[in-house]
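Quick notes on the structure that follows.
The first residue in the sequence is number 1, and the count goes up from there.
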Amino acid sequence: MKIAVTYENGEVFQHFGHTAQFKLYEVEDGKIVNAEVVDTNGSGHGALAGLLSELNVNILICGGIGGGAQMALAQSGIKLFGGVHGNADEAVEAFVANSLSYDPEAKCDHHDRHHGEGHTCGDHGCGSNCGGHGCH
């Protein structure tokens with residue numbers, strides 16, 4: 001199994017669409033056998049689910065995440081564990097031990113607050129690929 005965590009300075013990064021790095025963990029027989037940090041190369045909201053799919057990720061652990069990104073992950077067969085805070089390594093260890101505390105309703109705060117109030121997707125980096133906000 002391959003687990004990805006939105007990653008910054010050892011912690012679970014709190015905004016999926018703006019993550020600059022993922023830490024990838026390979027788990028076999030209930031143990032972490034490999035871990036590496038991968039740059040997203042500025043992929044942004046729309047491409048991150050595709051990047052994770054290309055990396056053969058099965059599980060994503062993150063902080064906040066928008067509804068469109070949740071749908072894109074689901075379409076790619078990636079199981080989401082959002083609303084996670086703290087140390088990335090500890091989060092994966094807790095997941096492997098079936099004790100990860102997460103929020104199945106986790107969303108990026110700014111999505112609920114700004115959409116419909118003059119918000120444009122270009123304001124947070126996803127540019128012209130947004131369409132109907134499907135890039136989040």
Side-chain angles (χ1 to χ4, degrees):
M1 165 181 11
K2 192 176 274 189
I3 301 170
V5 180
T6 52
Y7 188 76
E8 183 177 65
N9 297 322
E11 300 289 309
V12 177
F13 186 67
Q14 293 302 301
H15 191 298
F16 173 79
H18 288 259
T19 193
Q21 296 180 315
F22 289 107
K23 189 162 183 182
L24 303 178
Y25 301 81
E26 290 183 52
V27 177
E28 294 177 9
D29 299 320
K31 294 183 181 165
I32 299 169
V33 295
N34 189 41
E36 65 177 316
V37 176
V38 175
D39 289 331
T40 64
N41 296 318
S43 294
H45 292 83
L48 290 174
L51 173 65
L52 293 174
S53 182
E54 288 173 17
L55 293 169
N56 299 311
V57 168
N58 309 101
I59 305 289
L60 171 67
I61 297 172
C62 68
I65 184 168
Q70 290 179 14
M71 288 189 297
L73 291 167
Q75 290 170 349
S76 295
I78 299 170
K79 188 158 172 68
L80 172 65
F81 293 84
V84 177
H85 300 272
N87 181 278
D89 293 346
E90 290 173 7
V92 173
E93 289 166 6
F95 175 82
V96 171
N98 287 323
S99 62
L100 178 66
S101 177
Y102 70 99
D103 178 2
E105 302 297 319
K107 299 265 192 302
C108 290
D109 291 340
H110 78 274
H111 289 272
D112 295 333
R113 190 171 61 239
H114 291 143
H115 284 200
E117 297 178 12
H119 170 80
T120 60
C121 278
D123 290 345
H124 59 268
C126 62
S128 61
N129 296 329
C130 239
H133 294 298
C135 66
H136 304 294

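Side-chain contact between Glu93 and Ile32: present, with at least one pair of heavy atoms (C-beta onward) separated by less than 4.5 Å. Using a 4.5 Å cut-off on side-chain heavy atoms (C-beta onward), Phe22 and Val5 make no contact.
The structure places OG of Ser76 at 11.0 Å from CG of Leu60, a figure rounded to the nearest 0.5 Å. Between the OG1 atom in Thr6 and the CD atom in Gln14 there is a gap of 6.5 Å [rounded to 0.5 Å].
Results of the side chain to side chain donor-acceptor pair (under 3.5 Å) test with Gln21 over Thr40, Asn41, Asp39 single out Asp39 as the only residue that passes.
The two residues Ala4 and Leu24 make their nearest non-hydrogen contact at CB-CD2, 3.5 Å.
Sequence neighbours left out, the pairs with a member in residues 27-36 that pass side chain to side chain donor-acceptor pair (under 3.5 Å) are Glu26-Asn34. Legend: side chain to side chain donor-acceptor pair (under 3.5 Å) pairs involving residues 52-65, not counting sequence neighbours: none detected. Identified under the ring pair (Phe, Tyr, Trp, His ring centres under 6.0 Å) test for residues 60-92, with sequence neighbours left out: Phe81-Phe95, Phe81-Tyr102.
Follow the hydrophobic side-chain contacts under 4.5 Å out from Leu48 and you reach Leu80 in the same cluster. Cluster membership for Tyr25 and Val84, using ILVMFWY side-chain heavy atoms within less than 4.5 angstrom, is shared. A continuous path of Ile, Leu, Val, Met, Phe, Trp and Tyr side chains, each step under 4.5 Å between heavy atoms, connects Ile61 with Met1, placing both in one hydrophobic cluster. Ile59 and Val96 fall within the same hydrophobic cluster, defined by Ile, Leu, Val, Met, Phe, Trp and Tyr side-chain heavy atoms under 4.5 Å apart, directly or through other members. Both Leu55 and Ile65 sit in one connected hydrophobic cluster of ILVMFWY residues. Membership requires side-chain heavy atoms under 4.5 Å apart, directly or through other members.
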For a side chain to side chain contact (heavy atoms under 4.5 Å, CB included) check, start with the C-alpha distance between His18 and Phe13, then their side-chain angles and the critical distance, and finish with the verdict. CA-CA 9 Å; His18 288 259; Phe13 186 67; 4.0 Å; yes

Begin from the C-alpha positions of Glu11 and Asn87 and carry the test side chain to side chain contact (heavy atoms under 4.5 Å, CB included) through to its verdict. CA-CA 4 Å; Glu11 300 289 309; Asn87 181 278; 4.3 Å; yes

Given Val38 and Tyr7, is the side chain to side chain contact (heavy atoms under 4.5 Å, CB included) satisfied, shown in steps? CA-CA 9 Å; Val38 175; Tyr7 188 76; over 6 Å; no

